[in-house]
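We use all heavy atoms of the structure for the numbers below, so side chains are in, but hydrogens, waters and symmetry mates are not.
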Amino acid sequence: MNGHYANGDATSNKEPSYERVQLINDEKQFMPELTPQMGRWGLQNAGFDYNIVAVFGSQSTGKSTLLNRLFGTNFDVMDETRRQQTTKGIWMCRAKGMNTMVMDVEGTDGRERGEDQDFERKSALFSLASSEVLIVNLWEHQVGLYQGANMGLLKTVFEVNLGLFGKKTADGRSQRTLLLFVIRDHIGTTPLENLKTTLTADMQKIWETLSKPSELQDRQLSDYFDLSFAALPHKVLAADKFESEVLELRKRFADKSREDCVFKPAYHKRIPADGAAFYMEGIWEQVQNNKDLDLPTQQELLAQFRCDEISTAALAEFSEQAKPQRRPIESGKVVDGLGSMMRAWRSGALSRYDRDASRYHQGVYSRKRADLVSVLDSTLSPLFLGQLKNLHKLCLVTFKTEMLEGMRGEGYNFADVVGAARERCEKRFLEGAQEASVEGTDWSYDDELGLLKEEVRGVADQCRKDETKKMVNVIERNFKKQISEPVEIALNKPESDMWDKVLSSFRSTLQKAESSYLAKAKSFDCTEEENTTSLGALRKRAWLALRAKIDEQTSDAAFLTKLRVHFEESFRYDEQGVPRVWRPGDDIDGAFKKARDQTLELIPLYSKIQPIDPSLAYTLPSETSDSLSEVDDFDFPATLIMFTETKILDLMSRFRRDADAYYVEAKRSTVSSVAQIPYWMYGVLVVLGWNEAMVVLFNPVYFAMLVCLLGAAYVIIQLGMVGPLFQVLRTVGTEVQRQVSARLREHFSQPVAAPPVRAKRLEGDEIERELRHRKAEPL
């Protein structure tokens, strides 16, 4: 039947199928139907919970009938009226009610094969090597015969079996098999015990005459085989008794609790059920390749010669067709339609071979065809792999281009852009890879697809890191702009809660920056770990930006300016913010000390970022990493210190020099105001100005102006503006008097060059005494 099922399709999936399948056909080919049939039998997932039994014996001795009765199989049986071969090759079927696979082997010594004993030997060796129990089926009258009982064949099979399969298993034990001799048509004339003795002696004799390998010379028959015996009455003459004995014999197979059960753990090949088909195929391949059993005929030799010639011609034509496409593939190009071309070349070569070589010996034809297929596939495989690599590169470049195109402009969703580009990339690769595939080969593009996915993932991750870095840089720039003004305002108004205001502004601005990052990071499909790292970098950068702004505001020049401004506001202006004009009786020393001490208290305030409210204190781990920049060294506690002790002393010294200059200037203004105009000068002015006064009184115009001035004075008095007006006039008068006095002194005395503010020195005994007094004061 050439390997096709004898009973149609498998039955329902709920119940196991019991249909038979041809394992090895009469052309000595191992058929591939066993693997799917294992699933239909329900044995694919049986693990080690299954058994294999085979039958061996001469043709037309009722082997198939015995198996059908014992196991409920449906092997073909002989037509009693024709006495011809029924079983061709080796068939297999599942036993009903048992996890047992039964092999029905073609009988030996059949007239159909004549003197060709090759298949007899191979099938017998295969049955012995692959089954746990080998049923040797023979007639009672064949016991004691050498050829009739197939002893010669058994001897040959035993020798080859030792050479091929006689080695110990992985667990150190020898592979054992049970030989169950079933004696048919036993009429009882010769007791079963005598028949056992005869068969045991024959088997022992065969074993002793075997040509064993040197390492197995001391092995005994019992090391590899156990012998068991059963007798069955005549199937026709004692039909009822035959059936009852068969049922009793079946119990030895079905009931594993019986002591005489034939299935022992020692006989099991320890091959899982899902690997049994591959194991048996390997056994048959070893049997087929054994030179002691395979003697090629002249017909096979002729077939080998002709098939080689035909295969060479087909391969030459195929090579000429494939040669032009090698250079484009090697140069890195993706050849359109390469798969269809390769399929056409391959099918054309095989069609030519099949047309010319199928007339010869089928075994040789098939073997050489397999060799030709292997050569064709090995030639096409580099083209396939090269096409995949070129397609891989093209898809990766296209992915990068599409991803960058999608990220142009504003408002794009990074995850959507990358996802769409990745989907198109994989789809493009799959279409090209599937087109380049050739049916009937074991080529796979899964590895290349996996590499492509990995590289696409790497490109996307790198792009995401770059975009994240850009996003963090933008957020950082915005943060610097937002934090600049609040920090300047707070630091330009030194108060006890100055740092509270700075850190409060910093926290609120940083929170906005973090919220902005998290909102944008959702579109980037960032992981929690990446978000944590980026937020840590953002916090670190934000703190450094704050510190940079504070450094800018507390540089030496800027900070000394702040101290001078604060000192001037306290020393040179009163509580109402009115500039002070120092008089000899004013307490300049007290005002100076107060302004100086208040200003010096600002230096410790600025020296360290330390808020009054502990909840506003900001902390940042020193080990916080910034993978988005090259900033590595970071000591957060050190960033809280603005001025060191040495720096504080230096600033104090420099400020005192500036304050001393303001003090000296104030003292000088009081000394200058001491020198007044003589009183007799006022009398001179009255005498000289009498005529002018009379002119005003008697001149109508001047008199009208005087009346207006008096009216204005009345209005000012009625509005209560006399005090402010006098204050303004006093200030103006004082300034005018000071300027006039200065001009008069310059006119009546020797000119003296005025030194700079910070280097002024006053003359006179009083100024010298004051300077000595200032130097004697404690710091």
Side-chain angles (χ1 to χ4, degrees), residues 479-510 542-580 587-620 636-663 665-666 757-758 777-779:
F479 175 86
K480 290 180 178 179
K481 293 179 181 178
Q482 296 171 3
I483 200 66
S484 177
E485 184 175 352
V487 172
E488 287 184 8
I489 295 174
L491 294 181
N492 286 330
K493 293 182 178 180
E495 298 176 357
S496 59
D497 61 344
M498 176 184 67
W499 292 119
D500 296 69
K501 296 178 181 178
V502 171
L503 292 178
S504 179
S505 300
F506 171 76
R507 284 181 175 274
S508 60
T509 308
L510 178 60
W543 180 258
L544 293 176
L546 173 65
R547 177 58 196 263
K549 186 62 180 178
I550 295 175
D551 289 340
E552 176 187 330
Q553 293 295 314
T554 57
S555 64
D556 289 0
F559 185 66
L560 288 174
T561 300
K562 286 181 174 62
L563 294 179
R564 285 195 298 269
V565 170
H566 185 272
F567 176 80
E568 285 187 22
E569 290 179 353
S570 179
F571 180 62
R572 301 183 65 174
Y573 295 88
D574 58 17
E575 288 76 5
Q576 286 76 30
V578 178
R580 290 174 174 173
D587 185 12
I588 300 177
D589 294 349
F592 173 77
K593 291 179 181 179
K594 180 180 178 182
R596 182 197 63 186
D597 293 342
Q598 289 178 349
T599 305
L600 289 176
E601 290 176 358
L602 298 181
I603 298 179
L605 177 64
Y606 278 91
S607 65
K608 185 176 182 181
I609 303 176
Q610 188 172 8
I612 298 176
D613 186 358
S615 63
L616 293 176
Y618 188 76
T619 58
L620 191 66
F636 177 76
T639 61
L640 298 175
I641 305 300
M642 303 305 302
F643 302 139
T644 62
E645 293 295 333
T646 304
K647 188 68 173 179
I648 292 174
L649 294 177
D650 178 63
L651 291 173
M652 285 183 174
S653 175
R654 295 168 68 179
F655 167 71
R656 285 193 178 94
R657 288 194 294 270
D658 292 342
D660 288 347
Y662 285 112
Y663 175 82
E665 182 181 3
V757 175
R758 293 188 179 183
E777 284 184 356
L779 294 179

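Contact of the Gln610 side chain with the Leu605 side chain is not registered, since no non-hydrogen atoms from C-beta on lie closer than 4.5 Å. Using a 4.5 Å cut-off on side-chain heavy atoms (C-beta onward), Leu560 and Leu563 make contact. Under the 4.5 Å side-chain criterion, counting only non-hydrogen atoms from C-beta, Arg564 is in contact with Thr561. Looking only at side-chain heavy atoms (C-beta outward), Ile550 and Trp499 come within less than 4.5 Å of each other.
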What's the verdict on salt bridge (Lys or Arg N to Asp or Glu O under 4.0 Å) for Arg654 and Asp650, showing C-alpha distance, side-chain angles and the deciding distance? CA-CA 6 Å; Arg654 295 168 68 179; Asp650 178 63; 3.6 Å; yes
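Between Lys593 and Asp589, no side-chain nitrogen of the basic residue sits less than 4.0 Å from a carboxylate oxygen of the acidic one, so the salt-bridge criterion is not met. No salt bridge links Arg656 with Asp660; every basic N to acidic carboxylate O contact stays at or beyond 4.0 Å.
When the shell of 6.0 Å around CD of Glu488 is examined, it contains more than 12 heavy atoms from other residues, nucleotides or ligands.
Met498 contributes atom CE, which lies 9.0 Å from atom CD1 of Ile609 (distance to the nearest 0.5 angstrom). Atoms NZ and CD1, on Lys549 and Ile483 in that order, are 10.0 Å from each other to the nearest 0.5 Å. Atom-to-atom distance recorded for Gln553:CD and Ser484:OG is 7.5 Å, nearest 0.5 angstrom. Atoms OG1 and NZ, on Thr509 and Lys480 in that order, are 14.0 Å from each other to the nearest 0.5 Å. Residue Leu602 holds its CG atom at 11.5 Å from CG of Leu651, rounded to the nearest 0.5 Å.
A search for ring pair (Phe, Tyr, Trp, His ring centres under 6.0 Å) contacts involving Phe559 returns Tyr606, Phe643, not counting sequence neighbours. Scored by the side chain to side chain contact (heavy atoms under 4.5 Å, CB included) test, Thr644 finds Thr646, Lys647 as partners (sequence neighbours excluded).
By the 30° and 60° cut-offs, the orientation of the rings of Phe571 relative to Phe592 is perpendicular.
The two residues Leu510 and Phe479 make their nearest non-hydrogen contact at N-CE1, 3.7 Å. The nearest pair of heavy atoms linking Pro604 to Glu601 is CD-O, 3.3 Å. Nearest heavy atom pair, residue Ser607 against residue Ile648, reads CB-CD1, 3.8 Å.
Of the possible donor and acceptor atoms, one in the side chain of Thr599 sits under 3.5 Å from a partner among the backbone N and O of Ala595.
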Identify all side-chain donor-acceptor contacts of residues 501-508 below 3.5 Å with residues at least two apart in sequence or on another chain.
unit_1, atom_1, unit_2, atom_2, d
Lys501, NZ, Glu495, OE1, 3.3
Ser505, OG, Lys501, O, 3.0
Arg507, NE, Leu616, O, 3.3
Arg507, NH2, Ala617, O, 2.6
Ser508, OG, Ser504, O, 3.2
Ser508, OG, Ser505, O, 2.9

